[in-house]
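Single-structure report; data block below.
Labels below follow one simple rule: chain letters A, B, ... track the order of the sequence lines, proteins then strands, and each chain is numbered from 1.
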Amino acid sequence: MTTVRSRLLPYLLLAPSVAFLAALFLVPLIQTITLSFSEDGVPSLANYTRMVSDLNFGLAVRNTFLLVLTVVPIQIVMALAMAMMLQKLPRGRDVVLWIWTIPLGISDLAAGLVWLAILQDRGYLNSALYGLGLIDGPTAWLTYETPVALFFGVLVAEVWRATAIVLVILFAGLQLIPKEYKEAAEVFGARPWTTFVRITLPLLKPSLQTALILRTVLAFEVFAVVYAIGGTNFPVLVGEAYNWQRNYQNTGVAAAYAMLIVAISLGATVVFLWALRTKPEQQA
Amino acid sequence: MADIKIDKIAKTFGNARALDEITLDIADGEFIALLGPSGCGKTTLLRIIAGLETRSAGRVIIGGRDISDTPTRARGLAMVFQNYAVFPHMTVYENVAFGLRMQKADEARIKAQVARAAELLHIEPYLERYPAKLSGGQRQRVAVARALAVEPPVLLMDEPLSNLDALLRLEMRAELKAVLREAGTTTIYVTHDQTEAMGLADRIAVMHGGRIVQIDKPTAVYSRPKTTFVGGFVGSPPMNFLPVTAASGAIDLDGLSLAAPRPEGNLLAGIRAEDFALSHSGEGLAFDVMVAEPLGSHTLLTGRSHGQMLRVVAPPNGDYPADTRLGLKPDPNRIVWMDAASGEALRQETAA
Amino acid sequence: MNALRRTVYFTGIVALCAWVLVPIYFIALGAFGGRIGVFRWPKSILPTDTSLAAMQLFLQVEGVGQAMVNSIIAACITMALSIALGAPAGYALARFTFPGQNAYRLLILLTRAFPLAILALPLTVAFIRIGLYDTAFGVALIHTALALPFAALVSASLFQAIPRELEEAAWVFGCTRLQAFLKVVLPLALPGIAATAIFAFVISWNEVFAASVLTVRNRTLTAYLLTVLAESPLHFRFAGGFLLIVPSIVFIFAVRKYLFAMWGIANR
């Protein structure tokens with residue numbers, strides 16, 4: 001059935017999505033690049049200078065990196081542990097998996113609000129601490145004066161919300177490893193930890209790579225969670241982009257922020273692609 | 001090298017009895033095949049010996065040591081898996097060395113053992129390659145080398161050849177037999193392929209429904225099966241079972257008279273396809289040919305005799321069109337008499 | 001595993017389940033607790049101050065109802081568009097080998113490496129010009145760009161899992177390619193495609209940044225909540241958050257069987 005029409009068929013099927021993505025992804029991408037590098041239609045670096053010299057810039061960069069560099073490793077370790085626990089579960093695996101992946105369906109804004117309810121002055125955390133006698137009354141953790149507590153509040157909320165993403169990827173990867181490898185290792189004398197380090201982790205590299213890239217890129221885009229919990233007390237990169245766009249009506253600087261995030265994301269992706277690469281001959 | 005004692009091992013999964021009080025003694029250096037159809041419990045038994053499956057009752061004793069409650073990694077066994085389980089992210093060398101590394105052997109010993117195993121299995125040229133670059137047969141050799149490198153007291157093999165194509169299977173079978181004979185390792189080999197079991201084993205344990213039905217040398221299992229199941233499962237084509245009736249100590253087959261092992265009663269005569277003498281003139285048991293398959297070394301005739309389906313081996317160059325009537329004369333010394341009701345063989349009266 | 005290890009293990013599992021469920025319970029308490037519940041100190045973990053009245057009050061606030069409608073519209077359009085564009089692409093990837101297939105997959109993966117929602121910034125200008133600014137449809141377009149790669153890759157795996165031989169058998173017995181697809185492949189792929197559609201809905205329903213940038217009067221629920229967040233009383237914020245969560249959880253529950261398979265596959 002290799003008529004001309006059937007040879008064209010795959011391209012015809014792809015065409016609508018390609019056109020769509022070209023219009024709504026490639027074009028805006030190029031526009032963002034040009035927008036960031038121009039002022040009033042003329043090529044210039046004004047937007048970038050404006051961005052860098054802004055008061056909040058350094059803070060936003062520091063906060064975002066701090067958040068990403070703490071949240072991602074925690075989530076990888078947690079998700080790995082959860083995935084291994086899930087594998088050992090004899091019954092009820094589906095129920096537990098469903099519960100653990102509920103946060104996947106929760107908007108980052110909603111997740112922020114959830115933890116606001118807990119961390120807020122008169123919230124549940126303080127009620128518990130009060131009950132344990134550790135504090136005297138409603139205490140504020142999420143203010144400008146308590147940056148460390150605010151950071152940890154945002155950290156917890158992000159870990160709560162987004163670990164499920166990593167869990168699902170890692171668990172899928174774990175399921176793909178034939179159990180014979182672990183059994184063979186066991187028969188030939190490997191203890192559980194040795195099997196995990198020498199057999200499971202290396203075979204999990206592709207999934208780890210995917211999870212790291214996806215989660216890190218998403219982590220650099222953190223926005224609504226921070227806004228819901230800390231308002232404007234904890235500047236982050238996307239929050240600043242939003243600010244410049246909506247409140248200062250300056251799309252140019254917002255675009256500059258966008259390009260910065262793009263550059264960081266691409267950099268992180270390249271690093272992970274290189275660091276966790278598997279030689280083709282090592283593929284199962 | 002060690003002997004193995006399997007003492008009343010039983011295994012139930014929920015309500016199903018997978019293994020029913022298996023007792024088996026395997027001598028040091030012996031090659032035992034566990035042969036049976038899927039679901040008979042052979043793999044379960046092997047995995048219980050390896051420790052990969054828990055048992056419901058009984059003990060496993062290797063070399064005098066009761067290892068029933070020892071975790072798998074401490075049992076000191078070696079296993080070859082059906083899907084090879086050769087680690088894809090390690091070189092062949094590292095794969096073969098794996099068990100030795102787990103034993104914390106020193107580099108010199110590892111090098112020597114790997115070299116020896118590689119030589120035995122002819123995989124020296126591949127030592128620095130990754131398994132993805134090897135064919136199925138080569139990977140299988142790596143799996144066997146890995147097992148032999150640790151010089152285990154007992155070697156377990158779970159249908160290691162079933163994923164290879166027919167010709168390769170034949171070659172590997174011969175190689176395996178030679179290698180294992182030289183190594184002298186006590187081996188338990190699980191298979192559903194009766195030619196493999198016949199070709200490789202010192203003794204075959206035929207399993208069915210969670211029990212060992214017969215355990216004997218291959219020739220004995222072939223010529224003197226204890227039940228109709230064994231006769232039908234071992235040997236290709238399966239053994240024929242002809243329902244006959246004994247009267248006054250004799251059995252009449254269309255004029256041919258045979259001495260009956262019992263004076264009266266319904267019996268089954270177990271006769272192998274190659275144990276009939278053919279007569280074109282029609283003397284003997286009446287046999288109508290349905291299909292003749294020329295198989296090169298012989299012709300396999302499938303036909304009917306008194307409504308009963310029989311398979312008969314005929315010389316390769318004859319012509320047997322459908323509906324040819326032949327006469328069959330079974331060799332009375334090769335008949336295995338079975339009780340018609342129970343399907344079990346009667347006690348032998350003549351030493352075969 | 002011995003008894004001690006077992007207890008630790010199961011405690012761990014239960015604790016992690018509580019870790020997920022308890023905060024949701026708390027925001028539900030917050031949503032239904034109204035003004036009284038918000039200011040109670042210390043908070044009790046029992047639903048003492050809850051009443052439907054608090055939630056009803058929130059729903060009656062100006063803008064909330066309309067925002068929900070806008071969210072639903074945008075999500076439905078996203079759902080329809082991403083399947084309409086993504087499923088054919090998935091079929092092409094699954095059934096054909098053709099030059100450019102790897103480039104296409106790369107394009108799809110590329111959209112992951114970029115903060116997609118941020119590309120909404122230049123689109124503001126373009127949408128104003130076309131007249132799509134401040135419409136649910138405009139928002140849906142961006143959301144479709146977000147959901148499309150996922151829909152395409154998951155459809156590809158879905159179709160790949162259906163043996164080619166089934167279609168070929170249909171051809172042998174006289175069907176055209178389209179007939180074979182409609183009669184044989186589609187019915188088998190339908191549950192998975194439905195699950196993908198629902199997931200696209202959830203992606204759109206949850207999205208915050210692009211929706212906030214692209215709407216002023218016709219805000220979606222997320223945009224609405226984001227803009228009034230600073231000035232809203234606490235109990236309204238909780239009620240809003242709860243409203244955001246509930247449909248997502250319900251939908252994810254409905255497609256839970258496919259959820260794990262879909263995410264695992266799409267992230268290969």
Side-chain angles (χ1 to χ4, degrees), chain A residues 10 13-14 16-17 20-21 24-25 28-29 31-32 35 82 85 96-110 113-118 122-124 127 130-131 138 160 168-169 172 210 214 217 221 223-224 227-228 231 238 241-242 245 251 254-255 258 261-262 265-266 269, chain C residues 9 12-13 16-17 20-21 23-24 26-27 30 39 41-43 85-86 88-89 91-92 96 98 104 107 111-115 118-119 121-125 141-142 145 148 152 202 206 208-209 213 222 225-226 229-230 234 237-238 240-241 244-245 248-249 251-252 256 259-260 263-264 267:
Chain A
L13 291 171
L14 285 183
S17 54
F20 188 86
L21 284 176
L24 273 117
F25 172 66
L29 179 61
Q31 284 184 315
T32 308
L35 255 173
M82 286 164 86
M85 287 171 79
V96 174
L97 183 63
W98 172 62
I99 293 180
W100 285 357
T101 52
I102 284 179
L104 262 181
I106 294 184
S107 154
D108 39 350
L109 180 61
L113 290 171
V114 164
W115 282 91
L116 181 65
I118 298 177
R122 291 166 186 266
Y124 294 92
S127 304
Y130 180 72
W160 183 80
V168 156
I169 299 173
T210 309
L214 194 66
V217 168
E221 296 177 42
F223 167 55
Y227 194 71
V238 176
Y242 179 74
Q245 170 71 11
T251 315
I261 297 173
V262 165
S265 305
L266 276 178
T269 307
Chain C
Y9 173 71
I13 299 237
L16 285 166
C17 288
V20 172
L21 293 172
I24 298 178
F26 283 154
I27 200 176
F39 286 105
W41 169 264
K43 291 264 195 306
L85 295 171
Y91 184 78
F96 298 93
F98 52 94
Y104 184 81
L107 174 67
T111 62
R112 290 273 188 69
F114 287 82
I118 279 177
L119 300 174
L121 293 170
L123 280 174
T124 324
V125 178
L141 286 179
I142 294 250
L148 181 54
V202 170
N206 284 340
V208 179
F209 185 85
V213 164
T222 44
L225 284 172
L226 193 72
L229 209 58
L234 264 180
R237 290 189 233 175
F238 296 153
L244 267 181
I245 291 180
S248 309
I249 295 192
F251 282 144
I252 297 289
R256 66 192 184 285
L259 183 70
F260 156 62
W263 262 92
N267 289 301

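- In this structure, C/Leu148 and A/Leu24 have side chains that are not in contact, with every pair of non-hydrogen atoms separated by 4.5 Å or more.
- Looking at C/Phe238, the atoms closer than 4.5 Å to chain A (heavy atoms on both sides) all sit in the side chain, from C-beta outward.
- With a threshold of 4.5 angstrom between heavy atoms, A/Ala254 approaches chain C through its backbone and through its side chain.
- Heavy-atom distances place the side chain of C/Leu21, and not its backbone, under 4.5 Å from chain A.
- Looking at A/Thr32, the atoms closer than 4.5 Å to chain C (heavy atoms on both sides) sit in the backbone and in the side chain alike.
- Nearest approach of C/Leu121 to A/Ala258, heavy atoms of both residues: CD1-CB, 4.2 Å.
- A/Ile118 touches chain C through its side chain: at least one heavy atom from C-beta onward sits under 4.5 Å away, while N, CA, C and O do not.
- For C/Tyr104, the part lying near chain A is the side chain, with the backbone staying farther off; criterion is any non-hydrogen pair under 4.5 Å.
- Here the closest non-hydrogen pair linking A/Ser107 and C/Val208 is OG-CG2, 3.7 Å.
- Taking the six-membered ring where the residue is Trp, C/Phe26 and A/Tyr124 present parallel rings, their angle staying beneath 30° rather than reaching 60°.
- Taking both residues in full, the closest heavy atoms of C/Thr222 and A/Leu109 are given as O-CD2, 3.6 Å, listed atom of the first, atom of the second, then distance.
- Taking every heavy atom of both residues into account, C/Ala92 and A/Pro10 meet most closely at CB-O, 3.8 Å.
- The choice from C/Ile13, C/Ile245, C/Leu123, C/Leu244 that makes the most heavy-atom pairs within less than 4.5 Å of chain A is C/Ile13.
- Interface remark: C/Leu16 contributes backbone and side-chain atoms alike to the contact with chain A (heavy atom separation under 4.5 Å).
- At a 4.5 Å heavy-atom cutoff, the contact between C/Leu226 and chain A is made by backbone and side-chain atoms alike.
- Here the closest non-hydrogen pair linking C/Pro122 and A/Pro28 is CG-O, 3.3 Å.
- The parts of A/Tyr227 that come within reach of chain C are both its backbone and its side chain, each placing non-hydrogen atoms under 4.5 angstrom from that chain.
- Put simply, the side chain of C/Leu229 reaches to within 4.5 Å of the side chain of A/Leu113, judged on heavy atoms.
- Both the backbone and the side chain of C/Val20 have a heavy atom closer than 4.5 Å to some heavy atom of chain A.
- Among the candidates C/Leu234, C/Thr124, C/Val125, C/Ile249, the residue making the largest number of heavy-atom pairs closer than 4.5 Å to chain A is C/Leu234.
- When each of A/Thr269, A/Ile102, A/Ile106 is checked for heavy-atom pairs under 4.5 Å with chain C, A/Ile106 comes out on top.
- Shortest non-hydrogen contact noted between C/Val213 and A/Tyr242 is CG2-CD1, 4.0 Å.
- Considering only heavy-atom pairs separated by less than 4.5 Å from chain C, the leading option among A/Gln245, A/Gln31, A/Met85 is A/Met85.
- Heavy atoms of A/Phe20 lying under 4.5 Å from chain C belong exclusively to its side chain.
- Across C/Phe251, C/Phe209, C/Tyr91, the residue that shares the most heavy-atom pairs under 4.5 angstrom with chain A is C/Phe209.
- Proximity to chain C (any heavy atom under 4.5 Å) is restricted, for A/Leu35, to the side chain, taken from C-beta onward.
- In this structure, the separation between CG on A/Leu29 and OG1 on C/Thr111 is 11.0 Å, given to the nearest 0.5 Å.
- A 4.5 Å side-chain heavy-atom check between C/Cys17 and A/Val96 finds at least one atom pair inside the cut-off.
- Looking at A/Leu21 and C/Leu85, their side chains never come closer than 4.5 Å, going by heavy atoms from C-beta outward.
- Contact of the C/Phe98 side chain with the A/Leu14 side chain is registered, since non-hydrogen atoms from C-beta on lie closer than 4.5 Å.
- Each of C/Leu225, C/Leu141, C/Val202 has some count of heavy-atom pairs under 4.5 Å with chain A, and the biggest count is that of C/Leu141.
- Ranked by heavy-atom pairs shorter than 4.5 Å toward chain A, the options C/Gly30, C/Ala145, C/Pro23, C/Ser248 are led by C/Pro23.
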